[in-house]
Amino acid sequence: MSTTAQEASPGADEALQAHFDARIAANRRIEPRDWMPEAYRRTLVRQVSQHAHSEIIGMQPEGDWIASAPSLRRKAILLAKVQDEAGHGLYLYAAAETLGVDRADLTERLIEGRQKYSSIFNYPSLGYADVGVIGWLVDGAAICNQVPLCRTSYGPYARAMVRICKEESFHQRQGYELLMRMMEGTEGQRAMVQDAVDRWWWPSLMMFGPPDADSPNTRRSMDWGIKIDTNDELRQKFVDMTVPQAEKLGVTLPDPELSWNDERGHYDFGTPDWDELKRVISGDGPKNAERVARRRAAHEKGAWVREAATAYAAKRRNTEEVTV
Amino acid sequence: MSGDNIFTGLVEEHDGDARWAFGTGFTEALAGVDTTLPEGVDGPALAEYCQMLGDDALVQAQRLVHWVTDAPELEEEVALANIALDLLGQARLLLARAGQADGTGRDEDAFAYRRDASEFRNVRLTEAPRGDFARCIVTLLVLSSWRLALFTRLAHSVDPVLAAIAAKGVNELAYHREYAVSWALRLGDGTPYSHERMSAAVADVWPLTGELFAAHPVETSLAGLGAGVDPASVREEVREVLDQVLTAATLDTPGAFPDGEVSGREGRHTDELAPLVEELQRVAREHPEATW
């Protein structure tokens, strides 16, 4: 049954749409060769490529500390972690390419500032405690977001997420373990941890996106099985999981409204500064310009290397054609 | 570990570190290894030798990590991070061994973070400026070919710890060399511009190669006991490898290695090392009482 034949016949779109809807309703995966509505494809391209960009830009705040990690074990851990993030970016770009886009083009969109990435990476990392807090809170929030995505409706994205989530759990754990060690250390170290928690807590809550009432695309993404939970549901889940961990660690989360609500069976918490989120998303965060500029510089500086690799591959192809 | 429990399982005990990356676990690098010194081998000399080989790896890794977030392709960031991680692993094992051999019981961090630059024993090529990607590849090609030749022999050391470290390192270094070769070919035989950059990189690196084959008295004496390797003994082998690669990459081979003298092995370094060590030690020195 060829798609072209179907497209030519009247009513074919309805039939394809019905087939697609039935697969989604049955919780079955959509694969690259399956017909999909153009808006579904576009939504996924946007989500998967933004996710890939987030992994790549997300290497920077922590990458800055690899060279100065305070022990060789911490250096190895951080290096392995940042390397994993590059790997995650690669899985995700590969998943995006199955939707008919080109990685080189997605890279251009990133370095020209035409495509977004997670707003969290536009905050600075000011001390080594930030490495721990990024692992604990930022990777923790990412895990909350990503675990449900292992069941997302688009096959290549879901499979990439399974691999990514396995590694993310190590990342989060190393962060928490670093903070534990620091909290057992000197008074100065404890102060560093608290300061980092104060700075990263609210931006971490913003990682789940705007409140549901202001997230117009959520409903449609959920209908398509791309998104499994709403932003607010995930944010609540994150808060509920994090509070006991903060207590065990001995840090204070910087929210006076944070308290257990017996009736709801959840923690109540304050409202993030949504205007700040809007500003950071629209490019006006503390580090937006620097993060993108760094990626662009690496890309431009490496152009001659990529050209050489292409030229070499072409020569090899020609040689093989001659000798075969 | 089921998906939804990843986060909630955070505060529980885990034993799955081996599945992540070597050296990121929670145990001492040489825990459980019989560290008795072989008969006739002088502990302080062995410790000095371990620092030489360990510092080569540590300093090279420290240069390489700056490529992460700065390489021409993401794949190269992954590969160079991987190579740096291998070298860091070698450095940690060797420095831990140094602390056992000299009887001080110093750990890897005591060597990495509490020595001044003048106490580092690495060859100067490892501390040379990072340069462009061609320079990175030529440096990696030379150092991995050299270290692979050394470690292949060191895997038969009478010191079982050194032998085990070298045996593990051989596989890693073979990959490092393979990676460097693959890029040497692409850049050397890529575009006229990349060819020019590679030629310049070879010309920059070559004067520093002589030192790689100059034997420090400690290297000579440990080689005599079958515990170490005399670097002069790998000179021809390394030259042949490099000749072969550079020829295939359509680059001029600069011929014999220049005569070099022991320098970094005696703590005589270029001006490049002090800032590198300063960056390495910055956080650790700012918080001398801290635990990490």
Side-chain angles (χ1 to χ4, degrees), chain A residues 56 59-60 63 65-77 79-80 82-83 86-87 89-90 128 140 143-144 147 150 165 167-170 172-174 176-178 181-182 184-186 188-189 241 245 248 294-295 297-299 301-309 311-313 315, chain B residues 1 3-4 6-11 14 17 19-24 26 58 62 65-66 68-78 81-82 84-85 88-89 91-92 95 108-109 112-113 132-134 183 185-187 189-191 193-194 197 279-284 287 289-292:
Chain A
I56 300 309
M59 294 165 72
Q60 290 184 28
W65 291 98
I66 298 172
S68 301
S71 76
L72 295 185
R73 176 170 166 263
R74 290 292 166 202
K75 190 191 282 287
I77 289 173
L79 186 51
V82 175
Q83 180 196 29
L90 287 172
Y128 208 78
I143 289 170
C144 274
V147 166
C150 297
C165 282
E167 291 176 344
E168 290 288 351
S169 70
F170 285 112
Q172 200 209 8
R173 193 177 150 228
Q174 66 78 32
Y176 193 72
E177 192 255 352
L178 169 60
R181 278 299 286 263
M182 291 186 72
E184 291 160 7
T186 63
Q189 283 184 293
M241 285 170 164
Q245 291 167 0
K248 190 175 158 92
R294 175 136 147 213
R295 198 68 242 170
H299 188 73
K301 210 167 52 173
W304 68 273
V305 174
R306 295 189 300 275
E307 283 160 18
Y312 179 77
K315 283 185 200 177
Chain B
M1 194 167 9
D4 282 329
I6 288 174
F7 195 89
T8 45
L10 190 61
V11 293
H14 294 257
D17 295 304
R19 290 185 294 133
W20 193 24
F22 173 76
T24 59
F26 296 83
L58 177 59
Q62 188 70 7
V65 299
H66 287 284
V68 179
T69 71
D70 199 33
E73 281 282 17
L74 292 173
E75 283 83 350
E76 303 345 302
E77 297 190 2
V78 173
N82 199 31
L85 205 50
L88 192 56
R92 294 176 64 194
L95 295 177
E108 58 190 43
D109 290 334
Y113 293 94
D132 67 0
F133 192 67
W183 272 108
L185 295 176
R186 288 188 199 116
L187 297 179
D189 193 18
T191 61
Y193 183 70
S194 69
R197 299 286 280 255
E279 183 180 47
L280 169 77
Q281 298 177 342
R282 186 163 51 84
V283 176
H287 307 277
E289 304 300 322
T291 50
W292 306 98

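Atoms considered below: every heavy atom in the structure, side chains included; atoms not considered: hydrogens, waters and symmetry mates. Residue numbers begin at 1 in each chain, while the letters A, B, ... track the order of the sequences. A quick note: this is a predicted structure, and the numbers were derived from the prediction, not measured.
Nearest heavy-atom pair, A309(A) versus R186(B), reported as atom, atom and distance to 0.1 Å: CB-CD, 3.8 Å. For the residue pair G87(A) and V78(B), the shortest heavy atom distance occurs at N-CG2, 4.1 Å. The two residues G190(B) and K315(A) have their closest heavy-atom pair at O-NZ, 3.1 Å. R73(A) and R92(B) get closest at one heavy-atom pair: CB-NH2, 3.3 Å. When all heavy atoms of W292(B) and R74(A) are compared, the pair lying nearest together is O-NE, 2.5 Å. Considering all non-hydrogen atoms of both residues, L85(B) and A76(A) come closest at CD1-O, 3.4 Å.
Atom NZ of residue K75(A) and atom CD of residue E108(B) lie 11.5 Å apart, to the nearest 0.5 angstrom.
Among L178(A), L90(A), T186(A), the residue with the largest count of heavy-atom pairs under 4.5 Å with chain B is L90(A). Residue with the most contacts toward chain B among C150(A), A308(A), G302(A), A311(A): A308(A) (heavy-atom pairs, distance under 4.5 Å). Most heavy-atom pairs under 4.5 Å with chain B: of the set Q60(A), R294(A), E184(A), H299(A), this distinction falls to R294(A). Residue with the most contacts toward chain A among L280(B), D189(B), V68(B): D189(B) (heavy-atom pairs, distance under 4.5 Å). For the set A67(A), G63(A), A298(A), A86(A), the count of heavy-atom pairs under 4.5 angstrom toward chain B peaks at A67(A).
The closest donor-acceptor contact from the side chain of R306(A) to the backbone of P72(B) lies under 3.5 Å.
Proximity to chain B (any heavy atom under 4.5 Å) is shown, for V305(A), by both the backbone and the side chain. For chain A, the nearby parts of A134(B) are the backbone and the side chain; heavy atoms of each come within less than 4.5 Å. Interface remark: F133(B) contributes backbone and side-chain atoms alike to the contact with chain A (heavy atom separation under 4.5 Å). Heavy-atom distances place both the backbone and the side chain of A290(B) under 4.5 Å from chain A. Only the side chain of D132(B) comes within contact range of chain A, judged by heavy atoms closer than 4.5 Å. Both the backbone and the side chain of S71(A) come within contact range of chain B, each with at least one heavy atom under 4.5 Å from a heavy atom of that chain. Interface residue L88(B): only side-chain heavy atoms are found under 4.5 Å from chain A.
Checked against salt bridge (charged side-chain N to carboxylate O under 4.0 Å, His left out), E77(B) has the following partners two or more places apart in sequence or in another chain: R295(A). For the side-chain hydrogen bond (donor to acceptor under 3.5 Å, both in side chains) test, residues two or more places apart in sequence or in another chain that qualify with E279(B) are H66(B).
Each of L187(B), L185(B), T191(B) was scored for a side-chain contact (heavy atoms from CB on, under 4.5 Å) with Y312(A), with one residue passing: L185(B).
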(message) With side chain to side chain contact (heavy atoms under 4.5 Å, CB included) as the criterion, how do L72(A) and L95(B) come out once you've worked through the C-alpha distance, each side chain's angles and the decisive distance to 0.1 Å?
(response) CA-CA 11 Å; L72(A) 295 185; L95(B) 295 177; 4.3 Å; yes
